[in-house]
Amino acid sequence: MPVIFIGHGSPMNALEANRYTQVWRQLGAETPKPKAILMISAHWYIPGVAVTAMAQPKTIHDFGGFPPELFAFQYPAPGSLAVAERVKDLLAPLDVALDRTWGLDHGAWSVLAHVFPDADIPVVQLSIDRTKPNQFHYDLGKKLAGLRAEGVLILASGNVVHNLPLINWQANTAYDWATRFEQSTKDFLARNEHQALIDYDKLGKDAQLSIPTPEHYLPLLYIMGARRDGDQVQFPVEGIELGSISMLSAKYSI
């Protein structure tokens, strides 16, 4: 299976048809149907590593201020205890909790609604441990890479550039620093210079403005870690929304 990172942007993308969601649908159409999906979303950011381990994960509406139809949206994909247990085994001896309270947050279902709209593929979500350094997340991606040969799609959802306080609501014009950092990220990925992206805090002011908090950036590190020799990287879609939100997607595949 490939591994894919998707810049998810607004949860309203779940209901909309635009150039981003069209690409997400194409990604699903061109990907062999997975046995299951391991989802890594920016929005399950907790002190610890956990995987959802329930037969039917709930659709979590973890936001406010959006129209009623978004709160009514459901993504009724099944879960998979077997995949949750497999993730736990791959990450041993790390303590991985089998979680039966979370579900699928909007970082997961707003993307999955387009990539696999039938909601018929089991989905397991992996938390992001907010207490750990960047290298930890990249290394977990390496440990999870074996899932690819087992028919499990590793799909991460976040945003390479995610600065909500600097959103430009009046004009959809990208800040220069946002455009530069999105391009720098593409360049580093294309050259397989992963350590530079792991240590992004050394990349200067553009990185500082693009990543004021790490949770939306960290999902990318899991995908980088899951890269295998021979993989080629593609960028199915890119672009800056509202001045400071990158919609860049990256896909590694043979």
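Quick note: numbers below take in every heavy atom, side chains included, and nothing from hydrogens, waters or symmetry partners.
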Donor-acceptor contact present, side-chain [X] to main-chain [Y], <3.5 Å:
{"X": "Lys58", "Y": "Gly103", "result": "no"}
{"X": "His114", "Y": "Asn13", "result": "yes"}
{"X": "Asn163", "Y": "Ser210", "result": "no"}
{"X": "Glu182", "Y": "Gly239", "result": "yes"}
{"X": "Gln125", "Y": "Leu38", "result": "no"}

In terms of relative ring orientation, are [X] and [Y] parallel, tilted or perpendicular, with 30° and 60° separating the classes?
{"X": "His43", "Y": "His106", "answer": "tilted"}
{"X": "His137", "Y": "Tyr222", "answer": "tilted"}
{"X": "Tyr217", "Y": "Phe181", "answer": "tilted"}

Could you pull out the closest heavy-atom pair between [X] and [Y], with the gap in Å?
{"X": "Pro122", "Y": "Gly79", "value": "CB-O, 3.6 Å"}
{"X": "Pro219", "Y": "Ala156", "value": "O-CB, 3.4 Å"}
{"X": "Ser249", "Y": "Ile6", "value": "OG-CA, 3.4 Å"}
{"X": "Glu238", "Y": "Arg19", "value": "O-NH2, 2.9 Å"}
{"X": "Phe73", "Y": "Leu15", "value": "CD1-CD2, 3.7 Å"}
{"X": "Leu248", "Y": "Phe235", "value": "CD1-CD2, 4.0 Å"}

Tell me, do [X] and [Y] make a side-chain contact under 4.5 Å, heavy atoms counted?
{"X": "Pro76", "Y": "Thr59", "value": "no"}
{"X": "Lys33", "Y": "Asp120", "value": "yes"}
{"X": "Val233", "Y": "Lys251", "value": "no"}
{"X": "Ile46", "Y": "Trp102", "value": "no"}
{"X": "Thr213", "Y": "Tyr45", "value": "no"}
{"X": "Val3", "Y": "Arg227", "value": "no"}
{"X": "Phe188", "Y": "Leu203", "value": "yes"}
{"X": "Val124", "Y": "Val152", "value": "no"}

Hey, what do you get for [atom1] ([X]) to [atom2] ([Y]), rounding to the nearest 0.5 Å?
{"X": "Leu221", "Y": "Gln135", "atom1": "CG", "atom2": "CD", "answer": "9.0 Å"}
{"X": "Leu70", "Y": "Glu16", "atom1": "CG", "atom2": "CD", "answer": "9.5 Å"}
{"X": "Lys132", "Y": "Leu218", "atom1": "NZ", "atom2": "CG", "answer": "13.5 Å"}
{"X": "Arg191", "Y": "Leu197", "atom1": "CZ", "atom2": "CG", "answer": "9.5 Å"}
{"X": "Lys142", "Y": "Leu140", "atom1": "NZ", "atom2": "CG", "answer": "12.0 Å"}
{"X": "Leu153", "Y": "Met39", "atom1": "CG", "atom2": "CE", "answer": "9.0 Å"}

Are [Y] and [X] connected in a single hydrophobic cluster, I mean Ile/Leu/Val/Met/Phe/Trp/Tyr linked by side-chain heavy atoms less than 4.5 Å apart?
{"X": "Leu104", "Y": "Leu126", "result": "no"}
{"X": "Leu144", "Y": "Tyr252", "result": "yes"}
{"X": "Val115", "Y": "Ile154", "result": "no"}
{"X": "Ile121", "Y": "Leu27", "result": "yes"}
{"X": "Leu220", "Y": "Ile37", "result": "no"}

For this session: For side-chain contact (heavy atoms from CB on, under 4.5 Å), just list the numbers for Leu94 and Phe136, CA-CA rounded to whole Å, side-chain angles, deciding distance to a tenth of an Å, and then say yes or no.
Result: CA-CA 11 Å; Leu94 183 68; Phe136 172 87; 3.9 Å; yes
Exercise. Can you list the steps and then say if Leu189 with Met224 is a side-chain contact (heavy atoms from CB on, under 4.5 Å)?
Worked result: CA-CA 8 Å; Leu189 290 172; Met224 288 160 44; 3.6 Å; yes
For this session: Among Asn168, Leu209, Ile167, find the one that has a side-chain contact (heavy atoms from CB on, under 4.5 Å) with Ser244.
Result: Ile167
For this session: For atom NZ of Lys35, decide whether the heavy atoms of other residues, nucleotides or ligands shown that lie under 6.0 angstrom number more than 12.
Result: no
Problem set entry | More than 12 heavy atoms of other groups within 6.0 Å of Gln183 CD | yes
For this session: Tell me, with the steps shown, if Trp169 and Leu242 meet side-chain contact (heavy atoms from CB on, under 4.5 Å).
Result: CA-CA 6 Å; Trp169 296 104; Leu242 301 174; 3.9 Å; yes
Exercise. Is there a donor in the side chain of Asp199 and an acceptor in the side chain of Asn134, or the other way round, less than 3.5 Å apart?
Worked result: no
For this session: Could you verify whether a donor N or O on one side chain and an acceptor N or O on the other, from His8 and Ser157, lie under 3.5 Å apart?
Result: yes
Problem set entry | Steps toward side-chain contact (heavy atoms from CB on, under 4.5 Å) verdict (Val160, Ile211) | CA-CA 7 Å; Val160 168; Ile211 313 169; over 6 Å; no
Problem set entry | Within the 6.0 Å centroid threshold, strictly below: His61 and Trp109 | yes
Exercise. Would Asp231 and Arg148 count as a salt bridge (Lys or Arg N to Asp or Glu O under 4.0 Å) if you check the C-alpha gap in whole Å, the side-chain angles of each, and the deciding distance to 0.1 Å?
Worked result: CA-CA 12 Å; Asp231 277 347; Arg148 298 177 61 181; 2.7 Å; yes
